[in-house]
Amino acid sequence: QVRLVESGGGLVQPGGSLRLSCAASGFTMHYYTIGWFRQAPGKEREGVSCISRSSFTTYYADSVKGRFTISRDNTKNTVYLQMNSLKPEDTAVYYCAATVTPPDFTNRVCPGTSEYAYWGQGTPVTVSS
């Protein structure tokens, strides 16, 4: 059974940090581009970051550049999202997803939301004092 399970979310004060994990089972994550998405209450789901199969390529949404870092450990079938300098506007449910589509190297963007075949159930992140 294919599964993606996110963990590491929680309540953090502005300026704080969290590290999210996305653990895969039932398939070999090594063959997939992995993306992180988030959805805030009343808003559409948006892409946050993605990482290519080899980890060579990573892209970030402008809103998180310089604050978030995506990484992967294919030996553990796990992808991480290190989130620093968190802001209240980062509050959302964070999802990871897997796709066989590689990042668009020409336009330097992640695969579109519809490209992702597997999704996790999400982990909530709340940034508040």
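Predicted, not measured: the structure shown is a model, and the values here were computed from it. Sequence positions, counted from 1, serve as the residue numbers for this chain. Side chains included, hydrogens not; waters and symmetry mates left out as well; all remaining heavy atoms used.
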Which heavy-atom pair separates D104 from T106 by the least distance, and what is that distance?
OD1-N, 3.0 Å

Under the criterion side-chain contact (heavy atoms from CB on, under 4.5 Å), I'd like the reasoning laid out for N77 against S25: C-alpha separation, chi angles, the key distance, then a yes or no.
CA-CA 7 Å; N77 242 20; S25 61; 6.0 Å; no

Looking only at heavy atoms, the pair that brings I34 and A98 closest together is CD1-CB, 3.6 Å

Distance check, rounded to the nearest 0.5 Å: T91 atom OG1 versus R38 atom CZ?
9.0 Å

Nearest non-hydrogen partners of R72 and S52, listed with the distance
NH1-O, 2.8 Å

For the student: nearest non-hydrogen atoms of S49 and C110, plus distance
C-SG, 3.8 Å

I'd like to know if W119 and V93 are part of one continuous hydrophobic network [Ile/Leu/Val/Met/Phe/Trp/Tyr, side-chain heavy atoms within less than 4.5 Å].
yes

Give, for atom CG of L20 and atom OG1 of T78, the distance between the pair rounded to the nearest 0.5 Å.
12.5 Å

Is L81 reachable from Y116 through a run of I, L, V, M, F, W or Y residues, each pair having side-chain heavy atoms under 4.5 Å apart?
no

Cluster check Y95, I51: I/L/V/M/F/W/Y, side chain < 4.5 angstrom:
no

Heavy-atom pair of closest approach, residues S85 and S17:
N-OG, 4.3 Å

Measuring from atom CZ of R19 to atom OG1 of T69, what distance do you get when rounded to the nearest 0.5 angstrom?
11.5 Å

Side-chain contact, heavy-atom cut-off 4.5 Å: P14 with P88?
yes

How many angstroms lie between OH in Y118 and SG in C22, if you round to the nearest 0.5 Å?
13.5 Å

Smallest heavy-atom separation, T33 atom then P103 atom, equals OG1-CD, 3.6 Å

Path from V48 to Y80 over hydrophobic side-chain contacts below 4.5 Å:
no

Quick one: list whatever passes salt bridge (charged side-chain N to carboxylate O under 4.0 Å, His left out) with E115, sequence neighbours left out.
none

Kindly confirm or rule out a cation-pi arrangement of R45 over F37, judged by NZ or CZ under 6.0 Å from the six-membered ring centre and within 45° of its axis?
no

Would you list the pairs meeting salt bridge (charged side-chain N to carboxylate O under 4.0 Å, His left out) in which at least one residue belongs to residues 47-70, sequence neighbours left out?
D62-K65, R67-D90

In terms of heavy-atom contacts, does CD of E89 have more than 12 from other residues, nucleotides or ligands at under 6.0 Å?
yes

Could you measure the distance from the CD atom of E6 to the OH atom of Y94? Nearest 0.5 Å is fine.
12.5 Å

Would you sort out whether L18 and F68 count as a side-chain contact (heavy atoms from CB on, under 4.5 Å), showing the intermediate values?
CA-CA 10 Å; L18 284 174; F68 289 12; over 6 Å; no

Going only through I, L, V, M, F, W and Y residues with side-chain contacts under 4.5 Å, is there a path from I70 to L4?
yes

Distance (rounded to the nearest 0.5 Å) between N74 CG and Y31 OH:
10.0 Å

